[in-house]
Amino acid sequence: MNKAMDIIDAYMRVSAQTEALVRSIPDDRFGGATPCSEWDVRALCNHVYVGEIIVSTRILGLPQPDPKSTEDLLGDDPRGGSARRSTSCAAC
């Protein structure tokens with residue numbers, strides 16, 4: 001296996017684990033506190049999602065978002081972001 005495939009494989013494994021973790025969060029906990037007082041659970045999930053976007057767009061050679069962005073990219077489906085991103089990268 002070449003280095004690029006190793007990176008994609010590692011990304012896909014981590015993305016699947018992250019997706020499973022986010023899917024396990026009950027609806028009423030997305031507004032809950034985290035150890036970082038300025039972030040709730042949803043904001044933390046969004047931060048992780050932005051990181052996934054940065055990795056997958058780099059792998060795909062696409063423009064990357066601002067890593068410091070606080071824009072909510074999760075939309076109406078905070079659980080679906082990770083699944084959408086890993087599915088788009090699976091075609092790599």
Side-chain angles (χ1 to χ4, degrees):
M1 190 177 276
N2 66 39
K3 185 175 180 179
M5 292 308 293
D6 288 344
I7 292 169
I8 292 169
D9 183 57
Y11 168 78
M12 295 302 294
R13 284 193 319 262
V14 169
S15 186
Q17 292 170 350
T18 302
E19 180 183 348
L21 181 63
V22 172
R23 287 194 180 281
S24 74
I25 300 170
D27 288 338
D28 62 346
R29 290 295 300 141
F30 278 99
T34 69
C36 298
S37 61
E38 63 274 6
W39 287 5
D40 62 11
V41 173
R42 183 184 176 94
L44 181 58
C45 288
N46 187 68
H47 174 72
V48 170
Y49 182 52
V50 169
E52 286 191 30
I53 292 172
I54 290 168
V55 170
S56 64
T57 54
R58 183 167 287 186
I59 289 170
L60 295 169
L62 299 172
Q64 297 177 25
D66 178 359
K68 296 179 183 175
S69 173
T70 57
E71 178 185 357
D72 184 349
L73 300 178
L74 297 177
D76 294 335
D77 183 10
R79 291 182 186 90
S82 180
R84 288 188 302 271
R85 183 57 50 192
S86 62
T87 300
S88 68
C89 194
C92 297

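Just the heavy atoms: all of them, side chains too, but no hydrogens, waters or symmetry mates, feed the values below.
Taking all atoms of both residues into account, the shortest heavy-atom contact from Leu44 to Thr34 is CD2-CG2, 4.2 Å. A pairwise comparison of heavy atoms in Ala33 and Val41 identifies O-CG2, 4.0 Å as the closest pair. Closest non-hydrogen pair, Leu73 versus Tyr49, comes out as O-CE2, 3.5 Å.
With a 4.5 Å cut-off on side-chain heavy atoms, Ile25 and Pro78 do not count as touching. Between Leu21 and Gln17, the closest side-chain pair of non-hydrogen atoms is not below 4.5 Å. In this structure, the side chains of Arg42 and Asp72 come closer than 4.5 Å at one or more pairs of heavy atoms. A heavy-atom distance below 4.5 Å is found between the side chains of Arg79 and Asp27. Within the 4.5 Å cutoff, no side-chain heavy atoms of Pro63 are placed close to those of Thr57.
For the atom pair Ile54 CD1 and Asp66 CG, the distance stands at 8.0 Å (nearest 0.5 Å).
Listed by chain and residue number, nothing satisfies the salt bridge (Lys or Arg N to Asp or Glu O under 4.0 Å) test with Asp40 (two or more places apart in sequence, or in another chain). Applying the salt bridge (Lys or Arg N to Asp or Glu O under 4.0 Å) test to Arg29 and every residue at least two apart in sequence or in another chain returns nothing.
With hydrogens and angles ignored, the 3.5 Å screen pairs no side-chain donor or acceptor of Ser15 with any backbone N or O of Tyr11.
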